[in-house]
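Worksheet for the structure shown next.
Both ligands and their constituent atoms are indexed starting at 1 by order of listing. Heads up: numbering here begins at 1 and tracks the sequence.
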Amino acid sequence: MLGVCGGIAAYKAVEVCRRLVDAGAFVSPVMTRGATRFVGPATFSALASERVRTSLWEEAEPIPHTFLGRNADLIVVAPATARLIGAYAAGISSDLMTATLLATRAPVLLCPAMHTEMWEHPAVVDNMATLRRRGVHVVGPGTGRLAGGDTGAGRLAEPEEIVAAAAAVLAAGGAGAGASLEGVTAVVTAGGTREPLDPVRFLGNRSSGKQGYAVAAELARRGATVTLVSASALAVPPGVKVVEVETAAQMDQAVSARSGADVIVMAAAVADFRPTAVAPTKIKRSNGVPEVALEPTPDILAGVAARRRPGQVIVGFAAETVSSAEHPGAGREELARVARDKLAAKGVDLLVANDVAAPGVGFTYDTNEVLIVDAAGARVDVPLATKEEVARAVVDAIALRLAGRHTTTATNPDTKENR
Ligand code: PMT
């Protein structure tokens, strides 16, 4: 189902409809009363070869919202206005669109579009946070030209991004979810590196390795051949080969030696700096406070991404501290922004971001809360869950990328599949 709300971006929903149909979807368009003031229903019915539903009351079906809700594999709402977002978050069903959203168990992809002031209003920020927490998928909005000549955040995601995100959501519930990874090779890093100062002291961090081990275990459970490059000493998951390392340099060497793997997941917390020199004997207190000069460590993730071969899936993690007690919803948006920036800076396919300042999230806990972003603008929010559940979502996203790789590289004679 394609839901179209009353905003000027409704004209772009026409292109979304066409692209969904071209991609092989059977599209049932639903328009709000406001939407019909911007675009005529005949446009959507002609493109979708399906009548457009606009009302709870005028349809041939006695109960159109349950009919639509039960039959949909996916509901895409583009544009999703502040009103629709507010009603959906509050559970209000005042028209066919909102009633259908409450009457469905299908995944929902919201594509918000509105003026910047509305998008940043605390009510909208809170409503979006509520919907994301409930597992609603979101693509956009982008930043750019808005109605009336204004510029800012709130522009509807581009139709191709929306269709890519729709495909990703559908595949995550199908091809990606629990998909077998038989024949896939993977390297996963885990734990916090330790950079020695002297024979007894080191610079380190709080990573326990639990999240990286959970990802390695999930990849192996699905049939992948997994090497875990570990700076931690947890129990080795069944079927996983472990290479123990301590420093960033050792981790770099171990990953680089295996950088041809189909999948590389950098869940380790790698030191960004190390002492330029390691004292050969214990630094003595009686000699006074030492001055410790630091130098940067190699950026392992950026290195493997720069040397990547076609078809590889490279996944980075990002430990950020963005949460604030007053604006938890705004924190999540800030996390998404930082995640997208880091995804681009490191040149990776997927970036898993966790706000490690939030309770129960990140270092040492048995739980985590992440969002997974990809270069096409798709985003999966994983609410607070066990690290095993988070690992399943990460591996689903990887499986999805691998499935895409098989179709997009089938004609490339250099790919493994064709050798
Ligand atoms: O181990 P746990 O206690 O279970 O905690 C899990 C976790 C919080 C460690 C994990 O979820 C996580 O966020 N891991 C990444 C931590 C981190 O180093 O984030 P970063 O934003 O500083 O680095 C970004 C990415 O670059 C990471 O994939 C990191 O592995 C990689 N990196 C960083 C520095 C460096 N020199 N080389 C790298 O490859």
Side-chain angles (χ1 to χ4, degrees), residues 187-195 203-218 228-235 237 245-256 258-259 263-274 294-308 313-323 334-373 382 384-391 393-395 397-398:
V187 172
V188 181
T189 66
T193 60
R194 295 175 170 198
E195 310 302 326
L203 295 182
N205 62 68
R206 296 177 193 281
S207 171
S208 63
K210 288 176 190 170
Q211 187 61 80
Y213 273 62
V215 171
E218 180 63 17
L228 179 61
V229 178
S230 171
S232 165
L234 299 177
V245 296
E246 185 174 328
T247 64
Q250 290 167 357
M251 185 170 277
D252 186 29
Q253 206 178 25
V255 172
S256 297
R258 296 164 179 82
S259 62
V263 175
I264 297 178
V265 183
M266 287 288 305
V270 187
D272 284 312
F273 308 101
R274 64 184 165 213
L294 300 177
E295 64 184 11
T297 55
D299 188 330
I300 306 168
L301 182 60
V304 292
R307 299 189 301 271
R308 65 188 308 146
V313 176
I314 301 188
V315 185
F317 270 66
E320 303 293 336
T321 49
V322 297
S323 77
E334 177 61 7
L335 183 65
R337 196 189 59 71
V338 175
R340 280 195 205 98
D341 286 353
K342 206 165 244 186
L343 176 106
K346 302 259 184 184
V348 297
D349 300 293
L350 296 169
L351 202 286
V352 183
N354 33 208
D355 176 5
V356 295
V361 177
F363 295 107
T364 312
Y365 296 109
D366 291 331
T367 51
N368 206 357
E369 182 180 64
V370 304
L371 52 86
I372 307 169
V373 295
V382 184
L384 195 66
T386 64
K387 283 187 171 160
E388 288 71 26
E389 285 165 327
V390 169
V394 171
V395 175
I398 292 170

V315 side chain reached by I264 side chain, heavy atoms, under 4.5 Å: no
Under 4.0 Å from ligand 1 - residues by heavy atom, chain and number: S207, S208, G209, K210, Q211, M266, A267, A268, A269, V270, A271, D272, T297, P298, D299, I300, L301, G316, F317, A318, A319, K342, K346, N354, G362, F363, T364, N368, K387
Test log, rule salt bridge (Lys or Arg N to Asp or Glu O under 4.0 Å), inputs K387 and D366: CA-CA 6 Å; K387 283 187 171 160; D366 291 331; over 6 Å; no
Qualifying residues under side-chain contact (heavy atoms from CB on, under 4.5 Å), relative to V382, sequence neighbours excluded: V370, I372, V380, V390, A393
Closest non-hydrogen atom pair between A269 and F363, with its separation: CB-CE2, 3.9 Å
Worked verdict on S256 versus R307 for side-chain contact (heavy atoms from CB on, under 4.5 Å): CA-CA 10 Å; S256 297; R307 299 189 301 271; 3.3 Å; yes
Sub-4.5 Å side-chain heavy-atom contact between V265 and F317: yes
